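In each ligand, atom 1 is the first atom listed, and ligand 1 is the first ligand listed. Small disclaimer: the values here were computed from a predicted structure and weren't measured.
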Amino acid sequence: MKIVRVESAVDDITYGAVEPEGIRLHRGSPFVAWEPTETVVPFEQVRLLSPVIPTKIVAVGRNYVDHAAEMGSEVPEEPIFFLKPPTAIIGPLQPIRLPRDSDEVHHEAELAVVIGTVTRKVAIEDVGPHILGYTAANDVTARDLQRRDGQWTRAKGFDTFCPLGPAIDTDLDPAEGLSVISRVNGDIRQTGSTVDMVFGVGELVSRVSQIMTLLPGDVILTGTPAGVGPITDGDRVEVEVEGVGVLVNPVVAA
Ligand code: ZN
């Protein structure tokens with residue numbers, strides 16, 4: 001199933017499921033009292049929103065060998081986690097706004113895990129039922145500020161720096177290898193596969209859950225493959241995760 005959050009004339013903002021003829025609106029949410037309605041709204045009559053509103057976004061640095069190499073870094077022995085604020089989230093087609101403080105903003109195409117249930121101190125082999133599904137994310141990063149600050153809160157925390165979407169797919173298995181691709185103005189910048197992650201989804205979720213309780217809707221970004229690079233005013237950046245779809249965002253100056 002592909003789960004979306006949409007705005008339409010039929011209902012202000014609601015969750016829905018993708019069907020051949022359009023979006024079937026649902027009552028409740030995929031986390032509580034999820035129930036289909038009789039209403040299917042044609043695709044052209046809905047606006048897709050970020051598919052989820054998490055309490056937190058936990059991300060991981062240098063989780064692909066080739067990206068660590070292009071950053072001049074070693075692959076870490078343990079995953080390096082950091083947080084992005086939920087206020088950074090935007091949905092499909094919403095603009096990424098380049099902050100005046102930075103001259104070097106990069107795209108980072110990533111597979112995003114959406115947590116389905118309260119997840120606390122869960123072993124790797126028990127992670128599966130805690131995952132609702134997967135979506136695509138762009139871990140937008142002000143690379144110059146990341147270098148200058150020595151930590152990543154500012155570089156990765158600006159408003160609009162976490163595009164998410166377009167849908168949450170509940171049937172995917174990243175262990176089988178999903179391609180993760182970014183394009184800028186149609187040109188491919190990054191191509192990777194989730195089988196090349198240093199720490200897999202099960203290990204990431206388990207390790208985060210030893211630190212902090214993950215709540216339904218929380219999002220874990222799983223790192224980016226090689227090929228990160230600048231985005232500038234007027235660009236159109238796409239992140240495609242195999243099986244999820246394509247997340248498209250324009251880029252504008254602040
Ligand atoms: Zn990243």
Side-chain angles (χ1 to χ4, degrees), residues 50 52 54 56-76 78-90 96 98-99 102 104-115 134-165 174 178-184 188-201 203-205 207-208 211 214 218-231 235 237-242 244 246-247 249 251:
S50 160
V52 71
K56 54 191 166 295
I57 305 152
V58 187
V60 60
R62 295 185 229 145
N63 199 32
Y64 285 80
V65 175
D66 55 357
H67 173 62
E70 76 176 346
M71 301 299 289
S73 304
E74 299 290 316
V75 172
E78 294 182 295
I80 303 167
F81 293 116
F82 59 96
L83 291 166
K84 283 172 86 83
T87 42
I89 290 176
I90 55 175
I96 298 166
L98 303 171
S102 172
E104 191 185 6
V105 174
H106 283 190
H107 55 82
E108 291 190 359
E110 309 205 3
L111 171 79
V113 183
V114 180
I115 297 295
Y134 299 92
T135 189
N138 192 339
D139 176 20
V140 181
T141 302
R143 198 69 71 199
D144 49 353
L145 303 184
Q146 184 184 28
R147 282 192 299 264
R148 202 188 305 168
D149 290 354
Q151 52 95 341
W152 305 352
T153 302
R154 178 166 67 146
K156 288 173 176 285
F158 285 98
D159 288 357
T160 76
F161 269 28
C162 193
L164 276 184
L178 307 174
S179 61
V180 177
I181 297 166
S182 67
R183 296 183 203 87
V184 177
I188 292 180
R189 293 274 192 89
Q190 295 178 273
T191 52
S193 169
T194 54
V195 290
D196 293 325
M197 291 193 295
V198 177
F199 302 101
V201 166
E203 180 157 18
L204 292 175
V205 173
R207 282 178 178 261
V208 173
I211 307 164
L214 291 164
D218 281 354
V219 169
I220 296 180
L221 306 188
T222 57
T224 199
V228 299
I231 48 176
D235 283 347
V237 58
E238 300 173 34
V239 174
E240 179 169 3
V241 171
E242 186 178 359
V244 168
V246 184
L247 171 64
N249 296 93
V251 180

**Request:** Indicate whether any N or O donor in one side chain lies under 3.5 Å from an N or O acceptor in the other, for Thr224 and Glu108.
**Result:** no
**Message:** If you define the side chain from C-beta out and look only at heavy atoms, does anything of His107 sit under 4.5 Å from Arg189?
**Reply:** yes
**Request:** Looking only at N, O or S atoms, find the one in Asp139 nearest to the Zn ion (ligand 1) and name it.
**Result:** OD2
**Asked** What N, O or S atom of Glu108 is found closest to the Zn ion (ligand 1)?
**Response** OE1
**Message:** Strictly below 4.0 Å, N to O, side chains only: are Arg207 and Glu78 in salt-bridge contact?
**Reply:** yes
**Of the N, O or S atoms in Glu110, the one nearest the Zn ion (ligand 1)** = OE2
**Message:** Quick check on Gln151: does its CD atom have over 12 non-hydrogen neighbours (other residues, nucleotides or ligands) under 6.0 Å away?
**Reply:** yes
